[in-house]
Amino acid sequence: MSIDSVTVTEPVIRLEAVDLYYGTFRAVRDISYAFPANAITALIGPSGCGKSTLLRSINRMNDLVPGARATGRMLYHGEDLYGHGVDPVEVRRRIGMVFQKPNPFPKSIYDNVAFGPRVNGIKGDLDDLVEASLRRAALWDDVKDKLRQSGLALSGGQQQRLCIARAIATEPEVILMDEPCSALDPRSTLQIEELMLELKTRYTIIIVTHNMQQAARASDETVFLTMGDDRAGYLVEAGTTSDLFTNPRSQLTEDYVSGRFG
Amino acid sequence: MQPNPSTVTSGAVRRGLQGSGTHWPSVVFQVLLAASLLFTLVALLVLLADVLGRGMPVLSERGIDFLTAPLSSDPAKAGVGQALWGTFVIGVIVVGVAFPLGVATAVYLEEYATGSRLTRLVDVNIRNLAGVPSIVYGLLGLAVFVGLFKWLGLGNGRNVIAGGLTVAVLVLPIVIITAAEAIRAVPISIREAGYGVGASRWQVTAKLVLPAAFPGILTGIVLSLSRALGETAPLILAGAVLGSFSSGNADLLGQLLGPYTALPMVVYRWTTLPQDEFRQLAAAGMVVLLAITFAANGLAIYLRNRYSRVW
């Protein structure tokens, strides 16, 4: 490969032979994949296959777990996220995260959204930024008259959209979503999925989901992981979602997406 | 004919639903539990009634004079003015020293140094320190703080600052433990959310964890303060004066470095004197001490509720 093979379609995140460990236990082995920009990529696979571990290692959230470490290369625009001198705080500002359970801060709706910009010292009109973030998260009309109320007073689906507004307020390039709908009712789930489809024009989204229909409905690309005999998760098959669901190459994939296993 | 559920006689169903009558073991258990509560309440009420019954006449007769008068060998003139001042200064020193030191230690143990073997060792030792008899801290205060002030040439070193520092060190483990528990009770999801938007560890700790843990920390502080204000034994060793003394017209510095006493010391002293009047004075002193403790606890509850509602 020569250096001039770099093109404008360079993926935002590229994993090269990534292994992830908790202490001596290898949780994920030999993952190589390039996540395309401005698309939704779903990570699917049975429980314990390391989807969440992989997702949380992309923005170095797993640094917070004692004993967690990564080998191989995780590149963000060609720069190694685990390279020497890389500040995890800067990584997380560019690669935001939405968690499984809605986790608004015990603060007002306004302060929830304004928290990221404030700690990152973003200049400009905070009111405008809060409004824009809440609009993009399709929450503005619900909360515009009660911005000073606690974020914890909202419904589950609204809380999760508040968490999405909070994540996009720091203007990240990538948003990681760790089963964002697993604690929500079907209607809220659909709202979040519609929101994701709108957000992908501005952001690159990587989502872990247990819900096959959700992966099929909402994602452009799908990565299927499963657990090997050594209990380490590995990549079985990846590609465009329609291909993977309608024409899987691996029997394991076919069994999983058709619900015969997992 | 098929057996039909509706043909069961209603009397049998009712008897079944009513059960076999009273379940005596649960009744006995409930009575025992209520008796335990009653025992605690009665003990407390008897104590309060006794202290109030003997102390209130003095307080109503002497009024504000009892709170401001200095110590004296004449029971008609003796008051708790100097003791209130000493207790106040000790309280200020405890809050000023034990609060920042204790909370900072708890933050370090819970947020920065988690999981290491050394941290666990320190943690266990702090828990043990909380159970060390207070007289031992008195010895420490005598050796370290009184010794330090003496070495610095500030009188004989037996001053209220040495006493306050001794009591501050005494309650430090309690402050650390309650603060650490309050910090630990903050859900991990709050921290993750903070890190997820690019906050540093300091920002997560200062802007998210500590505010969320604040009501719990505050409760620990005030409980420690109540304990500190009631301590007698360490003050005896740390040089509190048992007899009467005069601060004369000493300025603030002179009062801080001169002889001192505190409310529980005075109460203890008065109970050992032969005159019966002094025992009534002691009861009145206890009422004052109890009033201060209740006020501190009330303040803690007020602040906790107030700051819990800010969300």
Side-chain angles (χ1 to χ4, degrees), chain A residues 55-56 59-67 87-109 111-122 133 148-153 159 162-172 175-178 183, chain B residues 103 106-124 179-219 303-311:
Chain A
L55 189 80
R56 294 164 62 96
N59 72 341
R60 300 197 50 176
M61 209 55 157
N62 254 18
D63 287 17
L64 304 175
V65 180
D87 183 355
V89 170
E90 291 299 325
V91 172
R92 294 181 201 127
R93 196 186 140 183
R94 287 161 178 78
I95 306 177
M97 190 149 198
V98 176
F99 297 85
Q100 187 170 358
K101 199 167 149 266
N103 57 352
F105 299 130
K107 295 174 181 290
S108 72
I109 292 166
D111 287 339
N112 261 280
V113 182
F115 183 85
R118 278 181 181 144
V119 299
N120 289 304
I122 288 178
S133 304
R148 296 289 160 197
Q149 285 182 23
S150 169
L152 295 170
Q159 286 191 18
L162 177 62
C163 292
I164 292 172
R166 180 177 67 189
I168 58 188
T170 56
E171 309 279 355
I175 302 174
L176 308 176
M177 297 185 166
D178 189 359
Chain B
V103 174
V107 166
Y108 181 74
L109 286 175
E110 290 299 319
E111 297 293 315
Y112 285 78
T114 49
S116 82
R117 196 168 294 176
L118 182 71
T119 310
R120 283 200 295 274
L121 190 73
V122 170
D123 199 55
V124 167
E181 268 160 16
I183 289 170
R184 207 174 306 150
V186 177
I188 186 83
S189 63
I190 295 291
R191 294 179 178 85
E192 287 187 337
Y195 288 120
V197 292
S200 65
R201 182 141 69 171
W202 159 244
Q203 287 165 331
V204 168
T205 303
K207 291 173 194 265
L208 297 175
V209 175
L210 281 182
F214 186 70
I217 293 175
L218 198 68
T219 310
L303 289 175
R304 190 175 54 199
N305 292 342
R306 184 191 152 83
Y307 283 98
S308 309
R309 255 185 272 124
V310 168
W311 300 349

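Ile190(B) and Pro106(A) make their closest contact through CD1-CD, 3.6 Å (heavy atoms, listed as atom of the first residue, atom of the second, distance). Heavy-atom minimum distance, Asn120(A) versus Val197(B): ND2-O, 3.1 Å. In this structure, Arg166(A) and Ala193(B) approach most closely via the heavy-atom pair NH2-CB, 3.3 Å.
Residue Pro172(A): no heavy atom, backbone or side chain, is found under 4.5 Å from chain B. Looking at Arg56(A), the atoms closer than 4.5 Å to chain B (heavy atoms on both sides) all sit in the side chain, from C-beta outward. Contacts of Phe115(A) with chain B are made by side-chain atoms alone, with heavy-atom separations under 4.5 Å and no backbone atom involved.
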Subject >> side-chain contact (heavy atoms from CB on, under 4.5 Å) between Lys207(B) and Val119(A), intermediate numbers included >> reply: CA-CA 9 Å; Lys207(B) 291 173 194 265; Val119(A) 299; 3.9 Å; yes
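With respect to the salt-bridge test (charged N to carboxylate O, under 4.0 angstrom), the residues Glu192(B) and Lys101(A) do not qualify.
One N or O on the side chain of Asn103(A) and one on the backbone of Ser189(B) form a donor-acceptor pair closer than 3.5 Å.
Note: Asp63(A) CG to Tyr195(B) OH = 10.5 Å, rounded to the nearest 0.5 Å. Atoms OG and CZ, from Ser200(B) and Arg93(A) in turn, are 12.5 Å apart once rounded to the nearest 0.5 Å.
With contacts defined as side-chain heavy-atom distances shorter than 4.5 Å, the pair Leu208(B)/Lys107(A) qualifies.
Heavy-atom contacts from other residues, nucleotides or ligands closer than 6.0 Å to CZ of Phe214(B) number more than 12.
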